[in-house]
Amino acid sequence: GVGATVATNKISNTIRSYISNSQVNTDDTKTTSGNVTLTTTSNSDILAIGIAASASITSSTGNSFSLGINGAVSSNTIKNSVGAFVTNDSEVNVKANPVATETCSLTISATDTSRIQAFSGGSGFSLAAGSSDSAAVSVGLSLAYNTINNDINAYIDDSVITSGNTIGLSATSDATILSAAFTGSVAASTTVSAAGTGNETKNEVTNTTQAYINNNANVDSTGSISL
């Protein structure tokens with residue numbers, strides 16, 4: 001008997017909030033000051049479950065042979081580009097009103113919380129019975145491969161920024177992989193029996209997370225500038 005299951009999942013997205021080749025000015029004539037906020041969040045989630053089972057039973061009055069093979073393979077990948085930025089010769093002026101009771105600020109943030117949960121397994125049973133020689137073989141294999149490889153960027157590039165209060169840039173990565181692989185195998189015969197199992201789990205998180213000011217950007221703030 002042969003049993004097999006294969007689960008393949010891939011998420012590949014580009015998520016962005018940005019100001020490009022534009023002018024943005026908040027209104028300082030009102031009683032409250034305006035904020036400029038660029039926020040990008042990615043929360044990709046993969047849940048993969050693969051289970052395989054096989055059974056082989058042989059009976060004869062002479063020689064008999066029984067073979068059971070089962071395998072489960074799970075391959076899961078998340079590869080996203082997550083960005084929040086001001087770029088391409090933009091001008092952003094976050095003005096402060098002297099009589100305003102609220103502060104004004106520019107906030108640029110990119111966050112990724114990708115998660116993979118993958119469970120794969122298999123079970124096999126092989127039975128051989130005969131009046132003469134008999135042999136039973138059962139083999140089980142379970143493989144799980146999981147990868148998270150995202151780019152998370154918050155930045156100001158080739159632009160002019162003026163803030164009446166603060167400027168904050170943040171890039172955050174909180175990737176999680178939970179993976180388990182299991183197999184079970186049983187072989188029985190009146191003469192020779194053999195059972196074998198194998199498991200392999202490989203998990204990789206190779207995110208690039210950056211918050212930066214680059215390429216001759218001109219940034220001026222009356223308050224703090226944080227990265």
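If you're wondering where the values come from, they're calculated on a predicted model, not measured in any experiment. We count residues from 1, following the sequence as given.
Note on Leu227 and Val86: same hydrophobic cluster, where clusters join Ile, Leu, Val, Met, Phe, Trp and Tyr whose side-chain heavy atoms are under 4.5 Å apart, directly or indirectly. There is a path of hydrophobic side-chain contacts, each under 4.5 Å, that joins Ile161 to Ile213. Under a hydrophobic-cluster definition in which Ile, Leu, Val, Met, Phe, Trp and Tyr are linked whenever side-chain heavy atoms come within less than 4.5 Å, directly or via other members, Ile108 and Tyr18 are assigned to different clusters. The hydrophobic clustering, which links ILVMFWY residues whose side-chain heavy atoms are closer than 4.5 Å, places Ile225 and Ile156 together. Note on Ile19 and Ile167: same hydrophobic cluster, where clusters join Ile, Leu, Val, Met, Phe, Trp and Tyr whose side-chain heavy atoms are under 4.5 Å apart, directly or indirectly.
When only modelled atom types and interatomic distance are considered, Glu204 and Tyr145 share no side-chain donor-acceptor pair under 3.5 Å. Side-chain atoms of Asn146 and Ser179 form a donor-acceptor pair, as typed in the model, at a separation below 3.5 Å. For the residue pair Ser17 / Thr40, a side-chain donor-acceptor distance below 3.5 Å is found, with atom types taken as modelled. When only modelled atom types and interatomic distance are considered, Thr162 and Asp220 share no side-chain donor-acceptor pair under 3.5 Å.
Here the CG atom belonging to Asp151 is positioned 9.5 Å from the OG1 atom belonging to Thr14, to the nearest 0.5 angstrom. Separation of atoms OG1 (Thr176) and CD (Gln117) is listed at 9.0 Å; rounding is to 0.5 Å. Remark: Ser114 OG to Ile46 CD1 distance equals 8.5 Å, nearest 0.5 Å. In this structure, Tyr155 OH and Asn215 CG are separated by 10.5 Å, a value rounded to the nearest 0.5 Å. Atom CG of Asn76 is separated from atom CZ of Arg115 by 13.0 Å, given to the nearest 0.5 angstrom. Note: Ser81 OG to Asn13 CG = 10.0 Å, rounded to the nearest 0.5 Å.
Counting only distance, with no hydrogens or angles, the side chain of Asn216 and the backbone of Asp158 share no donor-acceptor pair below 3.5 Å. Checked by atom type and distance alone, the side chain of Ser159 pairs as donor or acceptor with a backbone atom of Asp157 at under 3.5 Å. Counting only distance, with no hydrogens or angles, the side chain of Ser12 and the backbone of Lys79 share a donor-acceptor pair below 3.5 Å. With hydrogens and angles ignored, the 3.5 Å screen pairs no side-chain donor or acceptor of Thr172 with any backbone N or O of Thr111. Remark: the backbone N or O of Ser74 is not paired with any side-chain donor or acceptor of Ser120 at under 3.5 angstrom. A side-chain donor-acceptor contact under 3.5 Å links Ser221 to the backbone of Asn165.
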Before giving the answer on side chain to side chain donor-acceptor pair (under 3.5 Å), spell out for Thr113 and Asp174 the whole-Å C-alpha distance, their side-chain angles and the decisive distance to 0.1 Å. CA-CA 5 Å; Thr113 59; Asp174 186 17; over 6 Å; no
Could you please spell out the steps behind the side chain to side chain contact (heavy atoms under 4.5 Å, CB included) verdict for Ile148 and Ile116? CA-CA 8 Å; Ile148 298 177; Ile116 295 177; 3.7 Å; yes
From CA spacing to verdict: side chain to side chain contact (heavy atoms under 4.5 Å, CB included), Ile78, Asn80: CA-CA 6 Å; Ile78 298 176; Asn80 291 332; 3.6 Å; yes
Please step through side chain to side chain donor-acceptor pair (under 3.5 Å) for the pair Asn88 and Ser90, ending with a clear verdict. CA-CA 6 Å; Asn88 194 19; Ser90 293; over 6 Å; no
Should Ile152 and Thr208 be marked as a side chain to side chain contact (heavy atoms under 4.5 Å, CB included) after you check the CA-CA gap, both sets of side-chain angles, and the distance that decides it? CA-CA 6 Å; Ile152 306 102; Thr208 300; over 6 Å; no
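None of Thr209, Thr41, Asn150 except one satisfies the side chain to side chain donor-acceptor pair (under 3.5 Å) rule with Asp112; the exception is Asn150.
Tyr212 OH: more than 12 foreign heavy atoms inside a 6.0 Å radius.
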